[in-house]
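Everything on this sheet refers to the single structure shown next.
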Amino acid sequence: MDGKHMQIGEVAARTELSLRTIRHYEETGLVTPSARSQGGFRLYTETDVARLMVIRRMKPLGFTLDQMRDLLDATDRLDADAALDADAALGAEEREALLERVRAYQREAAAQVEKLRVQLSRAEDFEGTLRARLEQDAQAAGG
């Protein structure tokens, strides 16, 4: 973490999330501002922005707030473990269980991406059909 703090407006611009959405994620416990200014304004770090980006990327794939919270918990614990010395580190079994949780979310994300690819392909086919129809009608009217 670089220690630079940003106010919520800058975070909203960087994440393309509304102020209301960021506050909602705070209320639901998904993200907590790293600090508050003397005036009480929320202050965020790059780590907080990265966390919001994870949430932002999960939402269109249909993940629930509980699933987002679960994944963030697993990654937070893995990140904290990586920063600890060997004596305080997670046990191998617990670490593997956390990694398996992350793998499960990765598999679900991949499945959702594939579904979206199919939907996009169908949408492109439909748009192409309409475009061809309009071109056909334009040629018939002009020629």
Side-chain angles (χ1 to χ4, degrees), residues 1-84 88-143:
M1 186 173 5
D2 63 11
K4 178 185 180 283
H5 285 91
M6 297 164 269
Q7 290 189 1
I8 194 170
E10 183 180 347
V11 173
R14 290 202 33 211
T15 61
E16 298 179 353
L17 294 169
S18 69
L19 301 178
R20 183 178 178 166
T21 298
I22 294 170
R23 288 184 189 115
H24 173 70
Y25 291 151
E26 179 184 355
E27 290 167 9
T28 59
L30 288 173
V31 68
T32 304
S34 291
R36 293 264 181 178
S37 70
Q38 289 182 344
F41 294 105
R42 294 166 176 86
L43 297 174
Y44 298 87
T45 62
E46 289 296 332
T47 301
D48 300 324
V49 170
R51 188 176 185 89
L52 283 165
M53 292 303 293
V54 168
I55 296 165
R56 186 177 141 220
R57 290 175 180 128
M58 290 180 80
K59 185 148 180 59
L61 296 177
F63 288 101
T64 66
L65 293 177
D66 285 338
Q67 289 172 313
M68 293 174 192
R69 191 175 295 108
D70 183 55
L71 174 63
L72 290 167
D73 174 67
T75 57
D76 287 348
R77 290 174 62 196
L78 288 165
D79 290 346
D81 181 57
L84 296 174
L90 295 170
E93 197 172 300
E94 185 177 4
R95 181 171 177 71
E96 185 53 39
L98 290 170
L99 288 169
E100 185 49 41
R101 280 169 54 191
V102 174
R103 285 185 202 105
Y105 284 109
Q106 184 276 324
R107 288 189 299 268
E108 179 61 26
Q112 291 300 325
V113 166
E114 187 54 36
K115 287 180 187 177
L116 288 170
R117 281 192 178 112
V118 169
Q119 287 179 332
L120 178 59
S121 176
R122 290 177 181 159
E124 288 172 337
D125 288 347
F126 176 63
E127 185 275 333
T129 300
L130 294 176
R131 185 174 2 93
R133 170 63 192 259
L134 291 170
E135 289 170 0
Q136 181 183 29
D137 285 350
Q139 287 176 355

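The first residue of the sequence shown is numbered 1, and numbering continues consecutively from there. Just so you know, these numbers use all the heavy atoms, side chains as well, and skip hydrogens, waters and symmetry mates.
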Go through the structure and list residues passing salt bridge (charged side-chain N to carboxylate O under 4.0 Å, His left out) with Glu100, not counting sequence neighbours. Arg103, Arg107

Mind checking what makes salt bridge (charged side-chain N to carboxylate O under 4.0 Å, His left out) contact with Glu124, not counting sequence neighbours? none

Suppose we screen for side-chain hydrogen bond (donor to acceptor under 3.5 Å, both in side chains). Which residues come up paired with [X], at least two apart in sequence or across chains?
X      : answer
Tyr105 : Asp70
Arg117 : none
Gln119 : none
Asp137 : Arg133

Compare all side-chain heavy atoms of Asp73 with those of Arg101 and state whether any distance is below 4.5 angstrom. yes

Less than 4.5 Å apart, any side-chain heavy atom of Arg42 and any of Gln7? no

According to the salt bridge (Lys or Arg N to Asp or Glu O under 4.0 Å) rule, which pairs have a member within residues 58-68, sequence neighbours left out? Asp66-Arg69

Inter- and intrachain pairs under ring pair (Phe, Tyr, Trp, His ring centres under 6.0 Å), touching residues 9-28, at least two apart: none

Partners passing side chain to side chain contact (heavy atoms under 4.5 Å, CB included) against [X] (at least two apart in sequence or in another chain):
X      : value
Leu19  : Ile8, Ala12, Arg23
Ala35  : His5, Leu43
Ser18  : Arg20, Thr21
Gln106 : Ala110

